[in-house]
Student: 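Please find one structure pasted underneath; my questions will follow.
Given the structure is predicted, the values throughout are model-derived calculations rather than measurements. Within every chain, numbering begins at 1; the chains are lettered A, B, ... in the order of the sequence lines, protein sequences first and strands thereafter.
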Amino acid sequence: METVKLEVFRYDPEKDKAPYFKEYEVPVEGTLLNALLYIKDNLDPTLAFRAFCRSEVCGSCSMKVNGKTKLACKTPMRELYETWKGKPLKIEPLNHMKVIKDLVVDIDKPIEKMKTLIPWLVPDPRVVPTDPMHESIIYPEEMKAYKDQIHCMLCFSCYSACEAVEDNERYRGPFAFSKAYRFQVDRRDIETAKEKRIRYAISGGLWSCVQCQKCLYVCPKGVKPAEDIQNLRGQAVRKGFTDKPGAKKLKHFVDWIYATGQINRLYLPEEVYGNREAREKLTKAYESMGVEVWEVPKPTKGLMKFRDIYLEILSREEKALELDFSHVRKIDKLVSDVFKADICTIVDKVHQKEEKTKGLIGRLKELFGGSDG
Amino acid sequence: MVKVGFYQGCCFQGQDAHMFETMKETFRRIDVELELLEETTCCGGNTIDEENRKLSYAINARNIALAEAKGLDMLVSCNTCYMVIAKAKLALDRDEELRREINNLLKEEGLEYKGTSKIYHLLDFFRDVVGYEKIRKAVKRPLKGWKVAAYYGCHVLYPKEVAIDNSDNPSSLQEVLKALGAEVIDDYEHKDSCCGYHSFFTDKSMTLKKLNKILGSVKKVGADIVATPCPLCFKSFDIYQTNMEKPPMVPSSFLPELMAYAFGLDRKSSGLAHHLVKVEKE
């Protein structure tokens with residue numbers, strides 16, 4: 001029988017001075033949970049871990065395997081064996097929570113954090129009948145808005161893998177934001193509660209998410225917390241919470257991409273943090289290295305048609321910000337000044353000119369002529 | 001010679017326009033012709049999704065359609081652009097109604113999203129199309145004695161639907177670095193931590209904490225340089241590092257720069273001379 005070594009984290013705070021790892025040889029078959037049960041039944045009955053349903057429903061058995069968060073009952077031993085090429089598998093408790101014993105962690109903290117985001121329905125009496133004899137009907141179409149989020153089973157895999165939890169104590173956790181978002185798009189939930197959730201989400205670190213997408217990766221149920229966080233950010237801006245840097249960053253993206261087809265990294269520090277020096281500093285640094293700096297991005301070919309598509313989508317859909325046309329006109333002027341032509345004709349002109357005179361790329365070729373070929 | 005459509009995003013224009021020339025020359029040496037997809041726009045940087053997700057899908061349906069119109073697959077070098085475009089492709093391929101709605105808008109430009117072009121990131125392109133042997137053969141100046149810490153960045157590994165390698169234990173970056181003759185370090189404490197690029201303008205303290213951890217652990221294992229296939233991770237390492245209170249001054253590089261240097265380009269043309277945190281290693 002093919003076997004693999006598990007190095008399992010052991011710690012009993014009542015007896016052990018410090019955590020240690022204990023090795024067990026287990027069969028490469030079934031799931032990781034089967035392997036842990038094999039240890040408990042055959043090798044060491046003192047090993048503590050949580051597991052109940054054995055079928056990806058209860059969310060009890062999440063843990064780390066070589067640093068990666070896994071739900072033990074969903075993870076085939078064969079897959080682990082192949083991924084790690086037969087090397088020992090280090091089994092550890094989840095991150096960011098206190099260890100109670102071995103692989104069992106204390107989940108109170110994330111639960112308390114979640115509660116601050118009102119993860120329950122606050123019924124709108126205009127929608128939900130107050131008379132308990134009357135049903136409150138939800139139509140399948142409505143359910144689509146939160147069909148994924150309702151599958152969260154509180155396994156805390158995302159909380160353990162989260163980069164924002166890691167470096168921001170206040171951060172509520174990916175699952176908590178998904179739970180909150182689920183009610184933000186529920187027609188039965190009252191507007192005042194939605195407003196409150198946004199306020200609490202902002203103070204709970206809504207803008208601290210780094211969008212690493214690890215929560216999507218580790219979720220055994222296909223919930224997409226990082227995307228729900230994007231949606232909540234959009235809601236926050238729409239509700240008028242526009243003073244945070246993240247909201248200003250969004251404005252930069254919305255306006256600049258419409259205006260030029262690109263963002264402008266030189267202007268980001270100024271538009272988000274009011275930091276004018278950054279542009280000068282970066283420009284000087286590049287120029288000192290012989291790199292030509294363009295104050296604005298070269299407008300994309302086909303820009304005017306691109307703008308039409310952009311506007312058309314925004315006119316059809318719910319959006320976070322209105323396009324700020326006075327900002328767009330300022331950008332237009334900046335572009336016109338740099339390229340010495342009107343924005344409507346600039347795109348073709350710039351590209352034609354470049355073909356004729358080699359333009360930037362040609363000049364760069366001359367600049368970098370030093371390659372040995 | 002393989003021809004592929006190159007998506008530039010925001011990292012190969014403005015002050016970074018010189019990088020495209022470096023890429024083009026580097027790829028020519030492994031028999032790949034990069035055709036710049038000039039009419040493409042910013043992918044939305046995973047930020048436009050906060051404004052409206054469909055706008056992100058539309059922008060990227062247009063970007064992909066521009067490659068399809070030329071009958072080319074698309075090569076994306078930025079992890080985030082790659083993830084955003086690959087996610088849009090998934091959504092468009094799965095949802096016929098979305099595809100129809102967006103194609104109706106693209107018609108004005110004479111474009112159509114068909115789903116025929118593949119989206120590659122550098123790492124899977126090197127592995128599946130170019131092959132490591134070809135890279136090895138193009139090396140004229142092996143990175144002998146260079147201790148290079150391999151850093152993937154998040155968006156080529158997560159989420160699973162668009163991952164280009166085994167997300168838990170990837171190898172494609174190490175393979176390229178090995179082909180260049182470098183001594184690869186792929187076991188350091190914070191190799192899988194996020195570079196913090198995307199939080200610089202939403203929560204700056206987060207970025208600086210991440211950099212402190214990653215670059216600190218790179219320093220600890222004695223690497224000469226950290227190499228990443230993502231131009232944004234590179235910017236975080238090179239530019240944002242200088243915003244730290246006590247920058248550890250760990251040099252970094254965007255993978256194609258190291259390739260260019262190993263293929264024989266000089267320090268200026270390869271881009272290595274243009275870093276805020278100087279690359280001292282020769």
Student: Determine the minimum heavy-atom distance between Tyr273(A) and Phe200(B), stating which atoms define it.
Tutor: OH-O, 2.7 Å
Student: If you tally heavy-atom pairs under 4.5 Å against chain B, which of Lys248(A), Arg316(A), Gln235(A) wins?
Tutor: Arg316(A)
Student: For Cys154(B) and Lys214(A), work out which heavy atoms get closest and say how close.
Tutor: SG-CE, 4.5 Å
Student: Give the C-alpha distance, both sets of side-chain angles, the deciding distance and a yes or no for side-chain contact (heavy atoms from CB on, under 4.5 Å) between Asn231(A) and Arg53(B).
Tutor: CA-CA 9 Å; Asn231(A) 295 338; Arg53(B) 205 168 296 281; 3.0 Å; yes
Student: Leu282(A) versus chain B, heavy atoms under 4.5 Å apart: side chain, backbone, both or neither?
Tutor: side chain
Student: Without swapping roles, check the side chain of Ser199(B) against the backbone of Ser208(A) for a donor-acceptor pair under 3.5 Å.
Tutor: no
Student: Can you tell me if Lys209(B) uses its side chain to pair, donor with acceptor, with the backbone of Asp167(A) under 3.5 Å?
Tutor: yes
Student: Counting only non-hydrogen atoms closer than 4.5 Å, does Val254(A) touch chain B with its backbone (N, CA, C, O), its side chain (CB onward), both, or neither?
Tutor: both
Student: Which region of Asn243(B), side chain (C-beta onward) or backbone (N, CA, C, O), has a non-hydrogen atom less than 4.5 Å from a non-hydrogen atom of chain A, or is it both or neither?
Tutor: neither
Student: Search all heavy atoms of Trp207(A) against all heavy atoms of Asp203(B) and return the closest pair with its distance.
Tutor: O-CB, 3.7 Å
Student: Looking at Pro245(A), Pro269(A), Cys212(A), which makes the most heavy-atom pairs under 4.5 Å with chain B?
Tutor: Cys212(A)
Student: What part of Lys107(B) lies closer than 4.5 angstrom to a heavy atom of chain A: side chain, backbone, both or neither?
Tutor: neither
Student: Using a 4.5 angstrom heavy-atom cutoff, name the option from Gly67(A), Ala285(A), Ala164(A) with the most pairs to chain B.
Tutor: Ala164(A)
Student: Is Ile257(A) in contact with chain B via its backbone, its side chain, both, or neither, using a 4.5 Å heavy-atom distance?
Tutor: side chain
Student: Quick one: are Asp168(B) and Trp84(A) in side-chain contact, heavy atoms under 4.5 Å?
Tutor: yes
Student: Look at Cys215(A), Gly246(A), Gly234(A), Ser288(A) and state which one has the largest set of heavy-atom pairs under 4.5 Å with chain B.
Tutor: Gly246(A)
Student: Please round to the nearest 0.5 Å and tell me the distance separating atom CG of Asn52(B) and atom CG of Leu314(A).
Tutor: 6.5 Å
Student: Which answer fits Lys204(B), side chain, backbone, both or neither, if we ask what part of it has an atom under 4.5 Å from a heavy atom of chain A?
Tutor: both
Student: State whether the side chain of Asn166(B) and the backbone N or O of Thr83(A) hold a donor-acceptor pair below 3.5 Å, judged by distance alone.
Tutor: no
Student: Counting C-beta onward and ignoring hydrogens, is there a side-chain heavy-atom pair between Lys249(A) and Glu50(B) closer than 4.5 Å?
Tutor: no
Student: Check whether Lys68(A) gets within reach of chain B through its side chain, its backbone, both or neither, counting any heavy atom under 4.5 Å.
Tutor: side chain
Student: Show your working on side-chain contact (heavy atoms from CB on, under 4.5 Å) between Val162(B) and Gln213(A) and close with a plain yes or no.
Tutor: CA-CA 11 Å; Val162(B) 300; Gln213(A) 313 285 315; over 6 Å; no
Student: If I measure from the heavy atoms of chain A, does Ser205(B) come under 4.5 Å with its side chain, its backbone, both, or neither?
Tutor: neither
Student: Do any of residues 41-49 of chain B have a heavy atom less than 4.5 Å from a heavy atom of chain A, and if so, which, in residue order?
Tutor: Thr41(B), Cys42(B), Gly44(B), Gly45(B), Asn46(B), Thr47(B), Ile48(B), Asp49(B)
Student: Pick one of side chain, backbone, both or neither for Ala236(A), based on which atoms fall under 4.5 Å of a heavy atom in chain B.
Tutor: neither
Student: If you measure from NZ on Lys244(A) to OG1 on Thr202(B), what distance do you get to the nearest 0.5 Å?
Tutor: 11.5 Å
Student: For Lys278(B), is the NZ atom crowded, meaning more than 12 foreign heavy atoms sit under 6.0 Å from it?
Tutor: yes
Student: Taking Gln262(A), Glu312(A), Lys305(A), Lys319(A) one by one, which has the highest count of heavy-atom pairs under 4.5 Å against chain B?
Tutor: Gln262(A)
Student: Closest approach of Arg265(A) and Tyr197(B), non-hydrogen atoms and distance?
Tutor: NE-OH, 3.0 Å
Student: Of all residues at least two apart in sequence or in a different chain, which pass the side-chain contact (heavy atoms from CB on, under 4.5 Å) check with Glu112(B)?
Tutor: Asn103(B), Lys114(B)
Student: Kindly compute the distance separating CG (Leu216(A)) from CE (Met83(B)), expressed to the nearest 0.5 Å.
Tutor: 8.5 Å
Student: Counting only N and O atoms by type, is there a donor-acceptor contact under 3.5 Å from the side chain of Lys210(B) to the main-chain atoms of Val210(A)?
Tutor: no
Student: The criterion is ring-ring contact (aromatic ring centres under 6.0 Å, His included); which residues satisfy it with Tyr57(B), sequence neighbours excluded?
Tutor: none
Student: Is the side chain of Glu163(A) donor-acceptor paired with the backbone N or O of Cys194(B) at a distance under 3.5 Å, no angle test?
Tutor: yes
Student: Give, for atom NE2 of His155(B) and atom CD of Gln211(A), the distance between the pair rounded to the nearest 0.5 Å.
Tutor: 6.5 Å
Student: Charged N to carboxylate O under 4.0 angstrom, Lys54(B) versus Glu317(A)?
Tutor: yes
Student: Non-hydrogen atoms of chain B under 4.5 Å away: do they reach the side chain of Lys281(A), the backbone, both or neither?
Tutor: neither
Student: Around atom NZ of Lys284(A), are there more than 12 heavy atoms from other residues, nucleotides or ligands closer than 6.0 Å?
Tutor: no
Student: Chain A heavy atoms under 4.5 Å from Leu66(B): which part of the residue, side chain, backbone, both or neither?
Tutor: neither
Student: Is there any residue in residues 218-230 of chain A with a non-hydrogen atom under 4.5 Å from a non-hydrogen atom of chain B, and which ones are they?
Tutor: Glu227(A), Gln230(A)
Student: Side chain, backbone, both or neither: which part of Glu166(A) has a heavy atom under 4.5 Å from chain B?
Tutor: both
Student: Count the heavy atoms of every other residue, nucleotide or ligand shown that sit under 6.0 Å from CD of Glu318(A), and state whether that count exceeds 12.
Tutor: no
Student: Let me confirm one number: the CG-CE distance from Asn168(A) to Met206(B), rounded to the nearest 0.5 Å.
Tutor: 4.5 Å
Student: Nearest 0.5 Å please: distance from the CD atom of Glu51(B) over to the CZ atom of Phe253(A).
Tutor: 12.5 Å
